[in-house]
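Have a look at the structure below, then the notes.
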Amino acid sequence: MYRNEPDEMEFVRNTMLVNQFHKIVALCGDDCPIVPLKGISLLFGIYRDDYARNIADIDFFVEEKNVPNLVEKLESIGYRFRKNHRRLNIRLAAKHKFDMVNPDPRFYDLDIHTSLINKKNFQDSDENFTDFAMSRLQTKTYNNTRIAFLNPVDEWIYLAQHYCLHFFSNDKWLHDLYLIRNNFSGSEMAELAMIAKTFHFERIVTAVNVKLKRQYDAETIKIPEPISKWRSLNFVLSYKPRNKFVHKILVVYWRFLFIDTRQARNKAYAKLFSTELNYLAETYQCSKLTAFLLIPIHLLLCSFSLLSFLLILKRFS
């Protein structure tokens with residue numbers, strides 16, 4: 001079982017992270033409000049007493065329309081794009097996120113999100129979860145700074161998605177989900193089930209439920225119509241990246257396994273074959289001209305990888 005062990009150096013580092021986030025919130029003001037995500041949000045929540053959580057950088061959400069204003073403000077304190085800023089619009093269109101770094105070691109890297117659903121080909125299945133979550137933020141005051149946070153139920157779903165779509169790769173993420181769930185009332189558990197049904201996160205909730213049950217013997221969240229036809233569930237829960245070829249294929253298609261509806265999965269498959277130049281330029285990290293020349297190779301790779309993926313499922317499910 002994963003345990004958080006308080007560490008003096010970690011406490012000092014996280015204190016600095018929180019202080020820096022306060023400064024960024026104040027810098028942004030009401031012009032481009034931001035919402036903390038992932039680790040930095042958890043430091044204000046379940047880890048606020050001891051900061052016993054390892055955090056690599058600062059993640060937060062900002063509306064896409066406010067990105068130019070945000071970038072200008074961050075550049076005023078020394079932040080720069082990690083990657084070519086000329087590709088920002090392409091990156092936002094493809095991934096809904098970008099990152100900025102500061103040469104001053106006292107400033108931590110920033111991972112900036114314009115959607116709560118960042119994974120390509122999973123975005124079409126969420127029925128606008130981002131707008132829903134942003135419509136019910138909870139504002140709290142810390143050290144005279146007003147900060148807007150995700151509703152805890154929405155945060156749980158967001159983190160559950162992150163945990164699932166990253167191959168269940170880090171036990172600390174499961175531990176976060178366990179601690180957040182421990183604070184839920186019965187009505188919040190029912191609300192979570194309703195949101196999972198409404199926004200098609202039932203497979204996400206189902207997979208995390210099984211993981212929590214195995215790790216912590218935690219109470220299961222009951223979704224209105226439990227999934228009985230998810231034939232790949234056992235494969236998903238037991239998968240270990242041993243075979244390099246299989247893993248490379250699944251890196252592309254893993255998120256498809258968590259899309260609830262057949263219609264959304266078919267739409268995601270079709271999107272994978274997209275020849276839209278912005279999408280290809282971001283996928284292959286190249287210019288639009290190069291992306292255009294790569295179209296035949298892209299379609300061939302997609303066809304081969306999709307066939308391989310379906311054969312893998314047939315073999316292991």
Centroid separation under 6.0 Å, is that true for the rings of Y239 and F235?
yes
When you compare the side chains of S305 and Y253, does any donor N or O come within less than 3.5 Å of an acceptor on the partner?
yes
For F201 and F129, take the angle between the two ring planes, folded into 0 to 90°, and tell me which bin it lands in: parallel under 30, tilted 30 to 60, perpendicular over 60.
perpendicular
Can you label the angle between the F149 ring and the Y142 ring as parallel, tilted or perpendicular, going by 30° and 60°?
perpendicular
Just checking H166 against W173, ring centres under 6.0 Å apart?
yes
Between the main-chain N or O of R80 and the side-chain N or O of N102, is there a donor-acceptor pair closer than 3.5 Å?
no
Distance check, rounded to the nearest 0.5 Å: Y47 atom OH versus F11 atom CZ?
15.5 Å
Angle class for the H175/Y178 ring planes (parallel below 30°, perpendicular above 60°, tilted otherwise)?
tilted
Is the shortest side-chain heavy-atom distance between I204 and Y163 below 4.5 Å?
no
Side-chain donor-acceptor contact under 3.5 Å, E155 with S41:
yes
Main-chain N/O of I55 paired to R13 side chain as donor or acceptor, under 3.5 Å:
yes
Between F60 and P36, which heavy-atom pair has the shortest distance, and what is it?
CB-CA, 4.1 Å
Between T130 and L116, is there a donor-acceptor pair closer than 3.5 Å when you use the side chain of the first and the backbone of the second?
yes
Counting only N and O atoms by type, is there a donor-acceptor contact under 3.5 Å from the side chain of K172 to the main-chain atoms of N54?
yes
Under 6.0 Å between ring centres: does that hold for F44 and H22?
yes
Polar side-chain atom of D260 near backbone of R203 as donor-acceptor pair, under 3.5 Å
yes
Within a 6.0 Å radius of atom CZ on R136, are there more than 12 heavy atoms belonging to other residues, nucleotides or ligands?
yes
Can you confirm whether the side chains of N69 and N66 place a donor and an acceptor under 3.5 Å from each other?
no
Can you check whether Y284 and H298 have ring centres sitting under 6.0 Å from each other?
yes
Donor-acceptor contact present, side-chain T141 to main-chain R146, <3.5 Å:
no
Is the number of heavy atoms from other residues, nucleotides or ligands under 6.0 Å of D104 CG greater than 12?
yes
For H247 and F167, take the angle between the two ring planes, folded into 0 to 90°, and tell me which bin it lands in: parallel under 30, tilted 30 to 60, perpendicular over 60.
tilted
Might you confirm whether atom CD of E75 has over 12 heavy atoms from other residues, nucleotides or ligands at distances under 6.0 Å?
yes
Taking C32's backbone N and O only, do any of them form a donor-acceptor pair with E63's side chain (distance below 3.5 Å, no angle check)?
no
I'd like to know if the side chain of D109 and the backbone of V101 have a donor-acceptor N/O pair within less than 3.5 Å.
no
Quick one: does W156's side chain have a donor or acceptor within less than 3.5 Å of a partner on L177's backbone?
yes
Applying ring-ring contact (aromatic ring centres under 6.0 Å, His included) to F98 and H113, what does each step give before you reach the verdict?
CA-CA 7 Å; F98 64 99; H113 306 251; 9.3 Å; no
For G45, does its backbone N or O pair with a side-chain atom of R48 as donor and acceptor, under 3.5 Å?
yes
In this structure, are over 12 heavy atoms from other groups packed under 6.0 Å from K213 atom NZ?
yes
More than 12 heavy atoms of other residues, nucleotides or ligands under 6.0 Å from CD of E276: is that the case?
yes
In the structure I gave you, are the side-chain heavy atoms of Y269 and C302 within less than 4.5 Å of one another anywhere?
no
Do T290 and S287 have side-chain atoms, one donor and one acceptor, less than 3.5 Å apart?
yes
At their closest point, which heavy atom of P152 faces which heavy atom of F184, and how far apart are they?
O-CZ, 3.7 Å
